[in-house]
Amino acid sequence: MRTEVLLADEVAVTKAAQVIRAGGLVAFPTETVYGLGADGLNERAARRIFAAKERPSDDPLIVHIAHLQELSQLARSVPELAWDLAKRFWPGPLTLVLERAARVPKVTTGGLETVAVRAPAHTVAQKLIHASGCPIAAPSANRFGRPSPTRAEHVLEDLDGRVEIVLDGGPTLVGLESTVLDMTQNPPMVLRPGGITLEELQAVLGDVRTLEPTDRKAAQRSPGTRSRHYAPRAKLLLTEPGEAEALAQSFLDQGERVGLLLQRRPSLADSRLHVQQMPTDLKSYAQRLFAALRELDAQRVDLIIVESVEERELGRAIMDRLRRAGSLLL
Ligand code: TXA
Ligand code: MG
């Protein structure tokens, strides 16, 4: 299959919507990361997503809608609290997990009796869903196990020849995936921290639980949160703030090629050292993170050293992704 990359204008969106209606695959920008979309109510189309990504079939997809009201067509029932959240945070980076309506195929939900739904804030995503006339199931448009794509080029790196169209809408705004919130439990539980922060959810819900990385049983509820996941090719070491450069030096001394994500100017210089200087504010850091990991991979570094960021607001989602990408914690 030949993959067409199209600038996401009206003509391209119309063409992409035809592909979706015909059961094909379209990668498109959302405000979080690029998604790999197909008709979420078409079993065969949804199956193609898993094949293209090489994703295990029990890892459920998020179904994207254009208008808040469409939620009631996908969920068996929508609790009042879910409507409150939808009204407050949609369109935006919040995914709600609810009881599945019968019309949502089990292929889409990875065999679960629940369905994950969100209304993305990106106008290209909204127009595509609208023009397709169906909800669009879409995981992040990366090959399984790779960092999520925040640019159309990243999608091509991973999925060239596996998807009919890539709509190029430029770099994504949030840079990390949506927050996944399980509304079938009381109080609701954050299964994956993301673009809407715990602090923002607490302001609406009062009580919210979070999924501890050690909570295996709860992790079964969201298969995508199980394992080493957002992994760059290189090994990733997570250190305390201020310790990365000394550690980098010790690996350089052993002849390794080292990548460094640093929120300041590095004092080291070495031909085998590749530095990505990261912004100090968490929002811009999140925006840059996946692209920085991909760039270091492209430099063929043996390992990437990253300093922890503060675990508040977007810092929770950043640390979650770094921990998942890390094969070693220091
Ligand atoms: O920002 C995002 O959420 C992006 C854009 C494209 O919307 N999508 C995304 O999809 O990150 P994906 O498939 O890479 O991650 C979806 C996460 C996985 O961890 C999956 O296990 C969880 O949502 N999930 C999906 N449906 C679920 C369900 N019914 N119950 C529990 N977790 C679910
Ligand atoms: Mg993903």
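Counting convention: from 1, in listed order, for ligands and their atoms alike.
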Q: Compute the shortest N/O to N/O distance between K53 and ligand 1 and return yes if it is under 3.5 Å, no if not.
A: no

Q.
Using a 4.0 Å cutoff against the non-hydrogen atoms of T32, which atoms of ligand 1 qualify?
A. 1 (O), 2 (C), 4 (C), 5 (C)

Q: Using a strict cut-off of 4.0 Å, indicate which atoms of ligand 1 neighbour a heavy atom of H64.
A: 5 (C), 6 (C), 7 (O)

**Q.** ligand 1 contact by T109, heavy-atom criterion under 4.0 angstrom
**A.** no

Q: Scan side-chain atoms only and decide if T184 and E99 contain a donor-acceptor pair under the 3.5 Å cut-off.
A: no

Q.
Quick check on contacts: which atoms of ligand 1 are under 4.0 angstrom from a heavy atom of V180?
A. 23 (O)

Q: Would you mind telling me if ligand 1 is within reach of the side chain of D182, the backbone, both or neither, using heavy atoms under 4.0 Å?
A: neither

Q | ligand 1 versus M189: contacting region, heavy-atom distance under 4.0 Å | A | neither

Q.
If you take the nearest heavy atom of each of G37, G194, S140, which one is closest to atom 10 (O) of ligand 1?
A. S140

Q.
So that I can tick it off, tell me whether K15 and E4 are bridged by a salt bridge, with the cut-off set at under 4.0 angstrom between side-chain N and carboxylate O.
A. yes

Q) Within a strict 4.5 Å, meaning less than it, do heavy atoms of the P188 and L205 side chains meet? A) yes

Q | Electrostatic pair R272-E256, nearest N-O below 4.0 angstrom | A | no

**Q.** Hydrophobic cluster identity match, I165 and Y34, side-chain contacts under 4.5 Å
**A.** no

Q. Quick one: does ligand 1 sit under 4.0 Å from the side chain of L61, the backbone, both or neither, non-hydrogen atoms only?
A. backbone

Q: Would you please determine whether R100 falls within less than 4.0 Å of ligand 1 on a heavy-atom basis?
A: no

Q) N/O of Y34 under 3.5 Å from N/O of ligand 1, yes or no? A) no

Q: Examine L282 and L322 and state if one hydrophobic cluster contains both, with Ile, Leu, Val, Met, Phe, Trp and Tyr joined whenever side-chain heavy atoms are less than 4.5 Å apart.
A: yes

(Q) Can you list everything that forms a side-chain hydrogen bond (donor to acceptor under 3.5 Å, both in side chains) with R88? Sequence neighbours excluded, please. (A) none

**Q.** Same apolar cluster: I65 and L41, side chain cutoff 4.5 Å
**A.** yes

Q | Those atoms of ligand 1 less than 4.0 Å from some heavy atom in R55 | A | 12 (P), 13 (O), 14 (O)

Q: Pull out every atom of ligand 1 sitting under 4.0 Å from any heavy atom of L191, numbered as shown with elements.
A: 31 (C), 32 (N)

**Q.** Residue pair L296 / L261, side-chain heavy-atom distance below 4.5 Å
**A.** yes

Q. Got an N/O contact under 3.5 Å between T30 and ligand 1?
A. no

**Q.** E177 and P93, any side-chain heavy atoms less than 4.5 Å apart
**A.** no

Q) Quick one: does L94's side chain get under 4.5 Å of W90's, heavy atoms only? A) yes

Q. Distance only, no hydrogens: is a donor on one side chain within 3.5 Å (strictly under) of an acceptor on the other, for T197 and E200?
A. yes

Q: Pull out every atom of ligand 1 sitting under 4.0 Å from any heavy atom of I62, numbered as shown with elements.
A: 3 (O), 8 (N), 9 (C), 10 (O), 16 (C)

Q) Short check: any N/O/S atom of S148 below 2.8 Å from the Mg ion (ligand 2)? A) no

Q. Should you measure from each heavy atom of A116, which atoms of ligand 1 turn up under 4.0 Å away?
A. 25 (C), 26 (N), 27 (C), 29 (N)

Q. Counting from 1, what ligand 1 atoms have a heavy atom of L112 closer than 4.0 Å?
A. 28 (C), 29 (N), 30 (N)

Q. Which part of T114 is near ligand 1, with near meaning a heavy atom under 4.0 Å away: side chain, backbone, both or neither?
A. both

